[in-house]
Amino acid sequence: MVGGGANFDPDSERNIPGEDANSSFWGIGSDLQVPWFGKMGLNLYGFYDLNRKEWNGYQVSTSWFTPFYTFQNGSFISYQGYLDYQFGGKQNKTLYPNSKNPDKDHATSGGAMFNGLYWHYDKFALGYGLKLYSNVYLIKDGGNAFGAKTKASGTSHFFAISYKF
């Protein structure tokens with residue numbers, strides 16, 4: 001295995017694209033003032049597959065950090081998170097040469113959303129986050145993209161204690 005998700009073929013002395021997620025996003029972004037949320041980031045990207053050196057769809061992303069309750073001691077509770085949605089992805093044998101069935105293994109759209117409630121005090125934060133995801137990274141839930149049944153949709157829970165330097 002060589003870096004970047006490619007497999008080295010010693011007979012041809014070249015890298016063969018792998019099926020792992022090595023990608024880059026290129027695009028534009030802005031901050032928007034939204035009622036209750038305050039300032040939110042909004043970005044639109046083109047999705048570039050570094051393994052195959054090909055563009056493969058788009059992603060729209062937004063993020064937020066909204067303090068919604070402040071205590072007398074100055075600490076506060078915030079609702080924070082992000083939403084990433086990919087769309088316009090390709091499903092074809094040329095793009096995924098190692099897939100037995102690229103239409104079953106790879107999705108044309110998918111995404112992830114994180115929702116967190118955090119208590120912030122001075123340099124500390126304590127919180128809980130819930131992540132929801134569906135066909136994340138354009139990998140089809142239940143497909144066989146990596147030689148085994150993939151789990152690319154579901155939920156995750158996060159508990160965090162952090163120190164802010």
Side-chain angles (χ1 to χ4, degrees), residues 1-8 14-68 76 78-99 101-118 120 125 127-147 150-158 160 162 164-165:
M1 181 74 150
V2 179
N7 297 308
F8 184 71
R14 65 184 184 92
N15 289 330
I16 299 170
E19 297 241 357
D20 49 350
N22 291 293
S23 54
S24 179
F25 293 90
W26 295 77
I28 59 172
S30 181
D31 289 331
L32 302 173
Q33 199 66 26
V34 178
W36 191 80
F37 279 100
K39 191 187 303 184
M40 292 180 65
L42 180 63
N43 305 293
L44 177 62
Y45 303 107
F47 175 64
Y48 188 74
D49 187 323
L50 290 168
N51 293 337
R52 290 162 191 84
K53 298 181 180 27
E54 249 185 72
W55 292 98
N56 189 16
Y58 306 92
Q59 178 170 311
V60 63
S61 298
T62 185
S63 60
W64 57 88
F65 178 90
T66 306
F68 67 89
F76 61 93
S78 69
Y79 170 48
Q80 54 197 75
Y82 65 86
L83 173 68
D84 293 332
Y85 179 69
Q86 285 184 265
F87 59 96
K90 300 174 188 172
Q91 292 178 313
N92 61 52
K93 195 66 174 169
T94 304
L95 187 60
Y96 299 105
N98 297 330
S99 286
N101 186 350
D103 293 335
K104 182 180 176 197
D105 298 339
H106 300 278
T108 57
S109 64
M113 181 181 194
F114 179 82
N115 296 282
L117 292 173
Y118 287 80
H120 295 263
Y128 166 76
L130 173 67
K131 185 173 182 179
L132 308 168
Y133 53 101
S134 176
N135 294 331
V136 71
Y137 307 120
L138 300 181
I139 299 167
K140 185 85 157 209
D141 189 46
N144 190 23
F146 302 104
T150 56
K151 179 70 176 150
S153 297
T155 61
S156 298
H157 302 276
F158 298 87
S162 59
K164 304 173 214 171
F165 291 94

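It should be emphasised that the depicted structure is a prediction, and the values quoted were computed from it without experimental measurement. All heavy atoms count here, side chains included; hydrogens, waters and symmetry mates do not. The first residue in the sequence is number 1, and the count goes up from there.
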How long is the gap from CH2 on Trp64 to OG on Ser78, to the nearest 0.5 Å? 12.0 Å
CD-OG distance between Glu54 and Ser23, expressed to the nearest 0.5 angstrom: 13.5 Å
Gap between atom CG of Leu117 and atom OH of Tyr79 - 0.5 Å precision: 8.0 Å
Kindly write out the residues that satisfy side-chain hydrogen bond (donor to acceptor under 3.5 Å, both in side chains) with Ser24, not counting sequence neighbours, or none if the list is empty. Trp26
Going by atom type alone, with no hydrogens or angles, which donor-acceptor pairs under 3.5 Å involve a side-chain atom of residues 30-48 and a protein atom two or more places apart or on another chain?
{"from": "Tyr48", "atom 1": "OH", "to": "Lys53", "atom 2": "O", "distance (Å)": "3.4"}

With sequence neighbours excluded, residues passing ring-ring contact (aromatic ring centres under 6.0 Å, His included) with Tyr118: none
Would you say the side chain of Leu83 lies within less than 4.5 Å of the side chain of Met113, judging by non-hydrogen atoms? yes
Partner set under ring-ring contact (aromatic ring centres under 6.0 Å, His included) for Phe65, not counting sequence neighbours: His120
Across all chains, not counting sequence neighbours, the side-chain hydrogen bond (donor to acceptor under 3.5 Å, both in side chains) partners of Asp141 are none
The side-chain hydrogen bond (donor to acceptor under 3.5 Å, both in side chains) partners of Ser153 (sequence neighbours excluded) come to none
Could you list the residues that satisfy side-chain hydrogen bond (donor to acceptor under 3.5 Å, both in side chains) with Tyr128, not counting sequence neighbours? His157
Any side-chain to backbone donor/acceptor pair from Lys140 onto Thr150? Under 3.5 Å, distance only. no
Identify, with sequence neighbours excluded, every residue that meets side chain to side chain contact (heavy atoms under 4.5 Å, CB included) alongside Ser162. Ala125
Are any non-hydrogen side-chain atoms of Lys90 and Asn56 less than 4.5 angstrom apart? yes
Listed by chain and number, what are the side chain to side chain contact (heavy atoms under 4.5 Å, CB included) partners of Lys131, not counting sequence neighbours? Tyr82, Ala112, Phe114, Tyr133, Ser156, Phe158
